[in-house]
Number of protein chains: 2
Amino acid sequence: MEHEWNANQPIYRQLRGRIVEMILDHVLEEGDPLPSVRNVAAEYRVNPLTVLKAYQQLADDNIVEKRRGLGMFVNAGARQLLFEAERQRFLAEEWPAISVTIERLGLTPADLLAASRSKEQ
Amino acid sequence: MEHEWNANQPIYRQLRGRIVEMILDHVLEEGDPLPSVRNVAAEYRVNPLTVLKAYQQLADDNIVEKRRGLGMFVNAGARQLLFEAERQRFLAEEWPAISVTIERLGLTPADLLAASRSKEQ
DNA sequence: TGTAGTGTTATAGCTATATAGAACACGACA
DNA sequence: TGTCGTGTTCTATATAGCTATAACACTACA
């Protein structure tokens, strides 16, 4: 997990996004415990309450389950749930504006491919 | 210009984005006046200081020029400046994450095309 | 000179986000 | 029983974003 936060979104929202990515990318499997609130707070230099807020939203969405004294765990079926939810959200809320931006800026598939590859290095 | 703000970004930043789009799309030509601070504030139900903040950033970036008592005007060369700046910013800051998301969600060009077209209706 | 537009500055208050530190409650284990 | 992990709650402070309202300064025009 990257260590840096940007200023475009609240930290708790970026953190939630990263947990979502870890689940979708099989870094976290169903049944796995999430990194503890204290560990994440210490490692990424944020307030435990900020971490808790991110985790709380995941619990509200039925992605994780909190077990007091034990930790938080990825729910069964969480990946499928996220996959479908993120897909719909991306197609409905993000892609339309991205598509318009790509056209407006005259970006070709070659431009986009080159930009994707240069970042992989 | 759309009338609704989302909660993902501060209003002043969304407003700045819309002015940028209007310039890139030739809705605003170089030399044109921007809608006045009061007009935008009234029409979109935001505080004049919020509008001013968006406009101030455009002035800081040499996109517009403020003329007290007269209005704000799109600078000569602003479109080219924006076009290049937005292109670079999009390719460097936005596209890499978008690309990863598209791959992660298993979205095909057909999925994306369908989503673009359904929004056009 | 007065009016009607423009930008600009000031004061004040509220909400959201984030921080800091501490302590409480639970569960597993030695 | 005590320890060490976990989640959870509490109090307090600071900053950013946004709101509301008002007034000041500039410009063009009748």
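In the text below, chain A, chain B and the rest are named by the order of the sequence lines, each starting its count at 1.
Separating the CZ atom of A/Phe73 from the C1' atom of D/dG7 is a distance of 11 Å, rounded to the nearest angstrom. Going from atom CE of A/Met72 over to atom C1' of C/dC26 covers 13 Å, rounded to whole Å. If you measure from atom CG of A/Leu34 to atom P of D/dT6, you get 12 Å, rounded to the nearest angstrom. Between A/Leu52 atom CG and C/dT17 atom P the separation is 14 Å, expressed in whole Å. When the P atom of C/dG27 is taken as reference, atom CD of A/Glu65 falls 13 Å away, rounded to whole Å.
Checked by atom type, the side-chain pair B/Gln57/B/Asp61 shows no donor-acceptor distance below 3.5 Å. Using modelled atom types, one finds a donor on one side chain and an acceptor on the other under 3.5 Å when comparing A/Glu84 with A/Gln80. With 3.5 Å as the limit, one finds a donor-acceptor pair spanning the side chains of A/Thr108 and A/Asp111.
Scanning both residues, A/Val37 and A/Pro48, for their nearest heavy atoms gives CG1-O, 3.5 Å.
A cation-pi arrangement, defined by a distance under 6.0 Å to the six-membered ring centre and an angle within 45 degrees of its axis, is absent between B/Arg16 and B/Tyr55.
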Protein-to-nucleotide contact annotation, 5' to 3' order, nucleotides 17-26 of chain D [B base; S sugar-phosphate only; - none; under 4.0 Å, heavy atom]: SSBBB-B-BB

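Ring orientation note: the planes of B/Phe90 and B/Trp95 are tilted relative to one another, at an angle of 30° to 60°.
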